[in-house]
Amino acid sequence: MSQTLELREKRAKAWEAAKAFLDAKATDGAFASAEDAAAYDRMEQEVMDLGKQIDRLERQAAIDADLAKATSTPITNQPNAKADGDAKQGRASDEYKRAFWNGMRNKMSYEVQNALSIGTDSEGGYLVPDEYEKKLVQALEDEVFFRSIANVIKTSSGDRKIPIVTSRGEAAWIDEGGQFPESDDSFGQTSIGAYKLATMIKVSDELLNDSVFNIENYISKEFARRIGTKEEEAFFVGDGKGKPEGLFGSADLGVTAATVSITFDDVMDLFYSLRAPYRKKATWLLNDSTVKAIRKLKDGNGNYIWQPSVRDGEPDRILNRPYRTSIYVPELATGNRVMAFGDYSYYWIADRQGRSFKRLNELYATTGQVGFLASERVDGKLVLSEAVKTLEIKGSKSVSS
């Protein structure tokens, strides 16, 4: 039995013990004593810690599988063709990739500048080589899970116009020989542009010139961490002013809860506020604080609606639908939209051209450092608001179970 599966079974047993304790010691979710409440919190924390450990092991397994891939590929080119196949061109070429990283480590020579002219962007930097850009995009997906469930497109320049059907025509019953009714579809459009997201990384001369130091790995991870966190925040709660318009601000309001104490009826109403076609691919999005409140909820048959996964590759579920958590989803508090349920493929993320690096040779020379400017242009927008519903907290901020 795999370690991950053992941990899943251990977590399931811990959750059953927590539910039994809650049923025995609590009345309507409220504990009679502080000691019982603290004991339940410890049991629930154990369940959460096991879940995080499972997530770490699954990520490690994915990395191991990637590293275990074959380092060579079979020869598939036709006889008399080039042994290495067709040469890659432009930013995908080995010459461009080699020149790019030579330029990141050292001041530009004429040879490097000539090779990099293929990828010069409009702001004086150099577009990341094609193969390295793929590594960056993957790093962003690891850091920002929302990219993996949203619809990601690439744009070259200008606004991208997205046509939307605003209303549909209908058929009608008519008499024999009667006139066919006119009922046309109505069309609208929304546009998605690009906002600039940037950061600066400083590296000491010693590390930069150290052949052991993997400059590619460091810059890609640090860029992914910085850019990824700001992206995720904007994709969820951005106001659309100088940044993407966040999901929680543009989605339709499905349910309004009277207090911060979410009830089973609130969750069920949110579930059915989303039309059935969207529910087939729907996922819950919420903060850990909201998950903690939902763990205590039961359905009409006395079954807890939060269901831990006991099988590898299957996510935990709420009302039999998977959920994802993020610290950037608003917390459980008065006035916040704390939970979303929908098909997030209708949230479009537009990446414009490539991500750009620029090296600063002189600015930090007196401190023995070299600066790197990293930037990207990205936008995000929910193009069909009815595809996602949210739960908003209203009323006084009173905590009860």
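Just so you know, these numbers use all the heavy atoms, side chains as well, and skip hydrogens, waters and symmetry mates. Note that the numbering runs from 1 along the sequence shown for the chain.
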Of all heavy-atom pairs between [X] and [Y], which one has the smallest distance, and what is that distance?
X	Y	result
Leu274	Arg279	O-NH1, 2.6 Å
Ile54	Leu7	CG1-CB, 3.7 Å
Pro244	Val378	CG-O, 4.3 Å
Ser375	Ala198	CB-CB, 3.9 Å
Glu392	Gly335	OE2-O, 4.0 Å
Ile318	Leu286	CD1-CD1, 4.3 Å

Under a 4.0 Å N-O cut-off, is there an ion pair linking [X] with [Y]?
X	Y	result
Asp23	Lys298	yes
Asp239	Lys243	yes
Lys13	Glu9	no

Any luck finding a side-chain donor-acceptor pair between [X] and [Y] under 3.5 Å?
X	Y	result
Tyr278	Glu386	yes
Arg324	Thr283	no
Gln45	Asp41	no
Thr4	Glu58	no

Would Lys202 pass as a cation-pi partner of Tyr364, given that its NZ or CZ must be under 6.0 Å from the six-membered ring centre and within 45 degrees of the axis?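 Yes; both conditions hold, so Lys202 lies above the ring face of Tyr364.
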Run Thr229 and Tyr328 through side-chain contact (heavy atoms from CB on, under 4.5 Å) and show every step you take. CA-CA 9 Å; Thr229 53; Tyr328 296 107; 3.5 Å; yes
Gap separating the [atom1] atom of [X] from the [atom2] atom of [Y], nearest 0.5 angstrom:
X	Y	atom1	atom2	value
Leu297	Asn303	CG	CG	13.0 Å
Glu44	Lys19	CD	NZ	12.5 Å
Lys394	Thr256	NZ	OG1	7.0 Å
Leu382	Ile192	CG	CD1	10.5 Å
Leu57	Leu5	CG	CG	12.0 Å
Arg147	Ile349	CZ	CD1	5.5 Å

Any chance you could lay out the side-chain contact (heavy atoms from CB on, under 4.5 Å) test for Phe145 and Thr325, step after step, and finish with the verdict? CA-CA 10 Å; Phe145 73 84; Thr325 62; over 6 Å; no
Under the side chain to side chain donor-acceptor pair (under 3.5 Å) criterion, do Asn287 and Thr290 qualify, and how do the steps go? CA-CA 5 Å; Asn287 190 285; Thr290 309; 5.6 Å; no
Verdict with reasoning, Ser345 to Asp343, per side chain to side chain donor-acceptor pair (under 3.5 Å): CA-CA 6 Å; Ser345 65; Asp343 183 352; 2.8 Å; yes
Please work out which of the three classes, parallel, tilted or perpendicular, describes the rings of [Y] and [X], given edges at 30° and 60°.
X	Y	value
Phe236	Phe248	perpendicular
Tyr323	Trp306	tilted
Trp15	Tyr304	perpendicular

Could you check Gln307, Arg11, Arg8 and say which one makes a side-chain hydrogen bond (donor to acceptor under 3.5 Å, both in side chains) with Asp316?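 Among the candidates, only Arg11 passes.
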Is the distance between the ring centroids of Phe223 and Phe372 under 6.0 Å?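 Ring centroids of Phe372 and Phe223 are no less than 6.0 Å from each other.
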Verify whether the ring centers belonging to Tyr347 and Phe146 lie closer than 6.0 Å.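 Yes - the distance between ring centres of Tyr347 and Phe146 falls below the 6.0 Å cut-off.
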